[in-house]
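Written below as structure tokens is the structure these notes are about.
Naming convention: chains lettered A, B, ... in sequence-line order (proteins, then strands); numbering from 1 in each chain. The model shown is predicted, which means the values in this text are computed figures rather than measured ones.
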Number of protein chains: 2
Amino acid sequence: MGELKKNFKAYLAAQGLKTTQQREVILDAFLASPSHLSTEEFYLKIRKKHPSIGYATVYRTLKLFSESGIAVERNFGDKQTRYEVLSDEEHHDHLVCTSCSKIIEFEDPEIERLQENVALRHGFKVLNHSLELYGLCADCTGK
Amino acid sequence: MGELKKNFKAYLAAQGLKTTQQREVILDAFLASPSHLSTEEFYLKIRKKHPSIGYATVYRTLKLFSESGIAVERNFGDKQTRYEVLSDEEHHDHLVCTSCSKIIEFEDPEIERLQENVALRHGFKVLNHSLELYGLCADCTGK
DNA sequence: ACTCCAATGAAATCGAATTTCAAAGTATCA
DNA sequence: TGATACTTTGAAATTCGATTTCATTGGAGT
């Protein structure tokens with residue numbers, strides 16, 4: 001079983017919560033899905049194979065993923081909350097195309113380091129961060 | 001008249017829109033207000049001196065500011081949209097305290113430069129960006 | 001199997017964002 | 001300056017995603 005699945009189950013156990021069929025299904029689907037789906041999009045996807053699972057359950061389960069630390073909530077320009085799998089220790093940021101909505105992930109340790117510096121200068125303890133560059137992707141630049 | 005006011009009026013003219021008393025009042029109040037007020041907060045503030053101005057007008061005018069380029073919409077953890085004056089060429093990012101909601105602005109040209117590099121590597125043309133560090137401010141670290 | 005809670009699904013509710021619509025205001029032009 | 005043509009405004013209605021409620025169902029330990 002993958003690390004993330006283990007972590008999530010451990011979280012459930014630790015909180016006195018239960019492993020249910022729905023949570024199993026949703027977790028598997030989540031790990032197999034592209035990142036950054038909105039709750040709605042993700043729900044529609046799940047519904048195809050599991051029509052009996054309700055929106056509320058998907059919604060609550062995604063929240064649980066976030067609370068357990070195996071996922072994070074993200075917010076790009078639109079108002080929908082999107083979820084992203086969070087592998088251990090790996091941070092990444094995003095390039096968001098304002099024309100076609102494509103999302104590209106990138107990592108830059110140097111930027112991370114500078115961020116820490118900034119925080120230090122302000123006596124700030126960073127728990128999380130979010131960096132998005134909005135603009136036109138290579139495909140859309142010409143249009 | 002300040003640069004921003006000029007820019008906004010020029011924008012109105014260019015779009016065939018009108019300068020109204022409400023827009024004048026709201027613009028002045030906006031330029032004189034602390035950054036990052038939410039629409040609601042800003043509306044309440046304006047209402048004190050101008051009880052006849054409606055929420056919808058404030059809402060629409062803030063949108064106009066954003067469209068005209070003299071302000072930008074921001075979204076920190078909560079769901080409220082916040083507006084920030086955008087002086088020419090000056091970018092800044094944010095430290096957001098998750099405990100007391102304090103917002104500290106900072107600038108870091110080096111981070112900006114690295115962001116441009118990342119974009120270049122991906123053939124991306126950056127139009128805007130958003131960088132927030134969430135965590136505990138100096139005051140809240142001890143609590 | 002029994003019991004205690006947690007979990008689920010459908011529907012209701014919430015809150016901010018956004019739109020509608022009739023009335024009023026602004027700018028242009030004769 | 002007065003008429004004309006739109007744009008703007010305020011209040012209320014609507015939209016839309018997020019979140020909660022509640023009656024019912026389902027895990028898990030005993």
Side-chain angles (χ1 to χ4, degrees), chain A residues 8-30 36-68 71-83 101, chain B residues 8-30 36-68 71-83 101:
Chain A
F8 183 60
K9 295 210 168 180
Y11 175 80
L12 290 181
Q15 303 291 313
L17 304 178
K18 294 171 181 173
T19 298
T20 65
Q21 298 198 313
Q22 287 91 333
R23 284 177 181 164
E24 300 266 16
V25 165
I26 295 171
L27 177 54
D28 286 339
F30 184 62
H36 315 304
L37 292 185
S38 67
T39 306
E40 178 73 15
E41 289 163 348
F42 186 54
Y43 164 64
L44 291 176
K45 191 170 169 186
I46 285 190
R47 197 173 60 171
K48 286 183 193 160
K49 292 213 176 189
H50 304 273
S52 65
I53 293 183
Y55 176 89
T57 300
V58 171
Y59 164 80
R60 285 184 287 228
T61 304
L62 286 172
K63 284 251 142 173
L64 265 187
F65 290 166
S66 166
E67 286 160 21
S68 76
V72 281
E73 296 187 4
R74 291 273 175 213
N75 246 105
F76 304 130
D78 56 10
K79 16 234 100 177
Q80 315 217 106
T81 299
R82 292 166 187 287
Y83 287 84
S101 297
Chain B
F8 183 60
K9 295 210 166 178
Y11 176 79
L12 290 181
Q15 302 292 310
L17 303 178
K18 293 172 178 171
T19 298
T20 65
Q21 298 199 314
Q22 288 92 332
R23 284 176 181 164
E24 299 266 16
V25 166
I26 295 171
L27 177 53
D28 286 338
F30 183 62
H36 315 306
L37 292 185
S38 67
T39 307
E40 178 72 16
E41 289 163 348
F42 186 53
Y43 163 64
L44 291 176
K45 191 171 169 185
I46 285 190
R47 197 173 61 171
K48 286 183 194 161
K49 293 214 174 188
H50 304 274
S52 65
I53 294 183
Y55 176 89
T57 300
V58 172
Y59 164 79
R60 286 183 287 226
T61 304
L62 286 172
K63 283 251 143 174
L64 266 187
F65 291 167
S66 165
E67 285 159 21
S68 76
V72 281
E73 296 187 4
R74 291 272 175 215
N75 248 105
F76 304 131
D78 56 10
K79 18 233 100 176
Q80 314 219 108
T81 298
R82 293 167 187 286
Y83 287 85
S101 297

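- Side-chain nitrogen and oxygen atoms of Thr19(A) include none within less than 4.0 Å of the OP1 or OP2 phosphate oxygen of dG27(D).
- Rounded to whole angstrom, the span from the CG atom of Asn75(B) across to the C1' atom of dA17(C) amounts to 12 Å.
- Straight-line distance from the CG atom of Leu12(B) to the P atom of dT26(C): 13 Å, rounded to whole Å.
- Taking 4.5 Å as the limit, every side-chain heavy atom of Leu62(A) sits out of range of all side-chain heavy atoms of Arg60(A).
- Between Thr20(B) and dT9(D) there is a side-chain N or O to OP1 or OP2 distance below 4.0 Å.
- Considering only side-chain N and O atoms, Lys18(A) lies nowhere under 4.0 angstrom from the phosphate OP1 or OP2 of dG26(D).
- Nearest nucleotide to the Lys79(B) side chain, out of dA12(D), dT26(C), dA18(D): dA18(D).
- At the phosphate of dA16(C), neither OP1 nor OP2 sits under 4.0 Å from any side-chain N or O atom of Ser38(B).
- When distances are taken from the side chain of Tyr59(A) to each of dA17(C), dA18(D), dA10(C), the shortest belongs to dA18(D).
- Closest approach to the Leu17(B) side chain among dA17(C), dT7(D), dT21(D) is made by dT7(D) (side chain taken as heavy atoms from C-beta onward).
- One distance of note links CZ of Arg82(B) with OG1 of Thr39(B); it measures 9.0 Å at 0.5 Å rounding.
- Between Tyr55(B) and dT9(D) there is no side-chain polar atom (N or O) within less than 4.0 angstrom of OP1 or OP2.
- At a threshold of 4.0 Å, the pair Lys45(B)-Glu40(B) does not count as salt-bridged, since none of the basic side-chain nitrogens sits closer than that to a carboxylate oxygen.
- Spacing between atom CD of Gln80(A) and atom C1' of dA18(D) amounts to 11 Å, rounded to whole angstrom units.
- When ring centroids are compared, Tyr43(B) and Tyr59(B) stay outside the 6.0 Å threshold.
- The side chain of Arg23(A) contributes an N or O atom lying less than 4.0 Å from OP1 or OP2 of dT8(C).
- Between the CZ atom of Arg60(A) and the P atom of dA10(C) there is a distance of 11 Å, rounded to whole Å.
- For the pair Leu64(B) CG and dT8(D) P, the interatomic distance rounds to 7 Å; values are reported in whole Å.
- In this structure, Tyr83(A) has its ring center no closer than 6.0 Å to that of His36(A).
- Dashed line: the shortest gap from a side-chain N or O of Gln22(B) to OP1 or OP2 of dG10(D) is under 4.0 Å.
- Going from atom CD of Glu40(B) over to atom P of dT18(C) covers 14 Å, rounded to whole Å.
- Rounded to whole Å, the distance from CG on Leu62(A) to C1' on dT8(C) is 15 Å.
- Between the CZ atom of Phe42(A) and the C1' atom of dA18(D) there is a distance of 17 Å, rounded to whole Å.
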